[in-house]
Amino acid sequence: MSTDQDLLTDGLLTHPYAVYDRLRDTARVHRVTGPDGSPAWLVTRYDDVREALADPLLSLDKRHALPGGYKGFALPPALDANLLNMDPPDHTRIRRLVGRAFTTRRVEQLRAPIRRTADQLLDALGTNGGPHGSTDLIAAYAAPLPITVICDLLGVPHGHRRDFRAWTDVLVAPDPARPQAAKEAVVAMLGFFTQLLADKRKEPADDLLSDLIAVRDEGGPEGSDSAGNGRLTEDELMSLAFLILFAGYENTVQLIGTAVLALLQHPDQLAALRADPSRLPAAVEEFVRYDGPALLAIRRFPREDVTIGDVTVPAGETVLLSLAAANRDPRRFPDADRFDLGRDTGGHLALGHGVHYCLGAPLARLETEIALAALLERLPDLKLDGDPGDLRWRPSLRARGLLTLPVTY
């Protein structure tokens with residue numbers, strides 16, 4: 001065990017993989033200072049992280065946390081009753097209710113609309129700059145694509161989409177100079193979802209949110225029985241809408257951005273993918289393994305004392321599982337720091353493992369595949385504009401991603 005690692009001052013925000021390499025080599029479990037200054041236990045080796053992700057003794061429910069530990073987002077109950085804060089049977093019930101909307105088969109039906117959105121965004125680049133130009137690919141493409149897709153799926157009106165992007169940015173990477181901004185964003189989000197649900201109840205539409213409201217309002221007892229049966233509570237309904245919109249946007253925009261950057265920094269791999277675009281679905285797995293948006297899994301709290309690696313973690317203390325470190329563990333992936341579209345990525349943990357495996361994984365994969373396919377097809381001379389060392393990364397342990405990605409085309 002290693003002790004007294006400060007994640008924020010140790011360089012994790014600026015050079016995460018170098019830090020994780022050192023931590024993996026030093027010890028299996030580390031005592032660290034979390035993002036909010038509270039103590040936590042950090043796990044970085046692949047086998048330990050994979051086992052812990054599936055351990056039912058490691059709870060996502062904050063009620064199992066000791067006072068003073070790291071708990072993540074501070075949200076009101078109406079936004080906090082979501083899948084990232086609950087265990088079975090509640091987790092089972094809610095995942096069952098919404099899971100059918102995110103199956104690979106259902107998501108595949110979105111292929112044409114997603115490609116249409118991607119083409120429209122690329123058309124705008126051509127309109128603004130002619131056949132050649134420059135742009136920030138995050139602002140012009142990687143961000144608006146997933147927010148459009150997830151808002152269309154849920155049925156969010158167009159006029160509110162820009163606001164939601166701004167609120168999300170504030171929550172993921174709070175500005176220390178504006179301590180009230182995160183609270184203001186939460187208040188704004190709560191008001192937004194309250195009104196949105198009210199509007200959907202008055203005028204249901206052919207969208208996921210209207211379907212969830214119907215499930216919520218159609219009789220049956222609230223909450224879960226021992227088998228995970230029951231309907232949504234009102235807080236769960238609103239929290240679920242928040243989570244789908246938040247995670248459906250945030251993780252995918254970061255994944256598209258880092259995937260494009262990886263290709264631009266590895267022209268041989270980019271050329272191989274251009275030569276054979278059918279490799280894109282498999283390539284997405286290497287994108288998420290190599291530089292996925294989640295450095296850390298959602299914090300967990302032991303229901304009782306548990307042994308992780310060679311350390312006994314007391315009940316209620318905070319456990320942080322590093323997906324990024326596990327995916328770069330050379331014990332599992334040979335030459336793990338090398339970006340290689342030909343490698344076997346089977347077993348990567350970028351999207352989780354066990355009952356909490358990412359619900360939106362099929363949609364994130366499809367959006368990234370289509371976003372890259374459109375870029376490869378329509379912008380054959382895409383290049384990074386400037387020095388890679390000048391790129392700015394979001395100062396957040398919650399979601400790793402680029403603030404901007406300047407390119408020429």
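Just so it is clear, the values below take in all heavy atoms, side chains as well, and ignore hydrogens, waters and symmetry mates. Just so you know, these numbers come straight off a predicted model, no measurement behind them.
Counting only N and O atoms by type, the side chains of Y20 and S322 include a donor and acceptor under 3.5 Å apart. Judged purely by distance below 3.5 Å, without hydrogens or angles, the side chains of D305 and T312 never pair a donor atom with an acceptor atom.
Under the 4.5 Å side-chain criterion, counting only non-hydrogen atoms from C-beta, K200 is in contact with I213. Inter-residue side-chain proximity for I308 and V311 is flagged as unmet; no heavy-atom pair is nearer than 4.5 Å. No side-chain heavy atom of R400 sits under 4.5 Å from any side-chain heavy atom of Q254. For the pair W41/L320, no side-chain contact is recorded, criterion being any heavy-atom separation below 4.5 Å from C-beta on. At least one side-chain heavy atom of L375 sits less than 4.5 Å from a side-chain heavy atom of L122. Residues V186 and K183 have side chains not in contact (no heavy-atom distance under 4.5 Å, counting atoms from C-beta outward). Contact of the K62 side chain with the R299 side chain is registered, since non-hydrogen atoms from C-beta on lie closer than 4.5 Å. Residues E250 and P293 fail the side-chain proximity criterion, which asks for heavy atoms closer than 4.5 Å.
For R161 and D152, the salt-bridge test passes: some basic side-chain N is under 4.0 Å from an acidic carboxylate O. A salt bridge does not link R95 to E236: none of the charged side-chain nitrogens sits closer than 4.0 Å to a carboxylate oxygen. Salt bridge R45/D329: absent, no basic N to carboxylate O contact under 4.0 Å. Salt bridge absent: E108 and R105 never bring a charged side-chain N and a carboxylate O closer than 4.0 Å. Ion pairing of D123 with R378 is present here, as a side-chain N (NZ or NE/NH1/NH2) and a carboxylate O approach within less than 4.0 Å. Under a 4.0 Å N-O distance rule, the pair E377/R274 does not qualify as a salt bridge.
Relative ring orientation between F339 and H266 is described as tilted, the plane-to-plane angle lying within the 30° to 60° band.
Applying side chain to side chain contact (heavy atoms under 4.5 Å, CB included) to E367 and the options T117, I114, I150 leaves one that passes, I114. Checking R332, R28, R24 one by one against D48, the salt bridge (charged side-chain N to carboxylate O under 4.0 Å, His left out) holds for a single residue, R28. Screening L263, T258, L264 for a side chain to side chain contact (heavy atoms under 4.5 Å, CB included) with V260, the sole residue that qualifies is L264.
No donor-acceptor distance shorter than 3.5 angstrom exists from the side chain of R216 to the backbone of L237, with no hydrogens or angles considered. One N or O on the side chain of H30 and one on the backbone of L23 form a donor-acceptor pair closer than 3.5 Å. No donor-acceptor pair closer than 3.5 Å links the side chain of S134 to the backbone N or O of T408. Side-chain atoms of S239 come within 3.5 Å of backbone atoms of D80 as a donor-acceptor pair (strictly under, hydrogens ignored). Panel note: side chain T404, backbone P406; no donor-acceptor pair is recorded below 3.5 Å. Here the side chain of D207 pairs no donor or acceptor atom with the backbone of L153 at under 3.5 angstrom. Between the side chain of N82 and the backbone N or O of L79 there is at least one donor-acceptor pair closer than 3.5 Å. Without hydrogens or angle criteria, Y409 side chain to L125 main chain gives a donor-acceptor distance under 3.5 Å. Remark: the backbone N or O of L66 is not paired with any side-chain donor or acceptor of E317 at under 3.5 angstrom. Looking at N327, its side chain does come within 3.5 Å of a backbone N or O of L349 through a donor-acceptor pair.
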Under the side-chain contact (heavy atoms from CB on, under 4.5 Å) rule, what do R392 and L402 come out as? Steps first, then yes or no, please.
CA-CA 6 Å; R392 295 185 300 125; L402 292 159; over 6 Å; no

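Residues A140 and L121 come closest through the heavy atom pair O-CD2, 3.9 Å.
For F192 and W167, the ring centers sit closer than 6.0 Å to each other.
Rounded to the nearest 0.5 angstrom, L323 CG and L351 CG are separated by 9.0 Å.
Enclosure of atom CD in E51 is not indicated, since only 12 or fewer non-hydrogen atoms of other residues, nucleotides or ligands lie within 6.0 angstrom. Other residues, nucleotides and ligands contribute more than 12 heavy atoms inside 6.0 Å of the CG atom of D25.
In this structure, R331 forms no cation-pi arrangement with Y46, as its terminal cationic atom is not both closer than 6.0 Å to the ring centre and no more than 45° off the ring axis. Figure legend: cation-pi geometry between R328 and Y290, with NZ or CZ positioned under 6.0 Å from the six-membered ring centre and within 45° of its axis.
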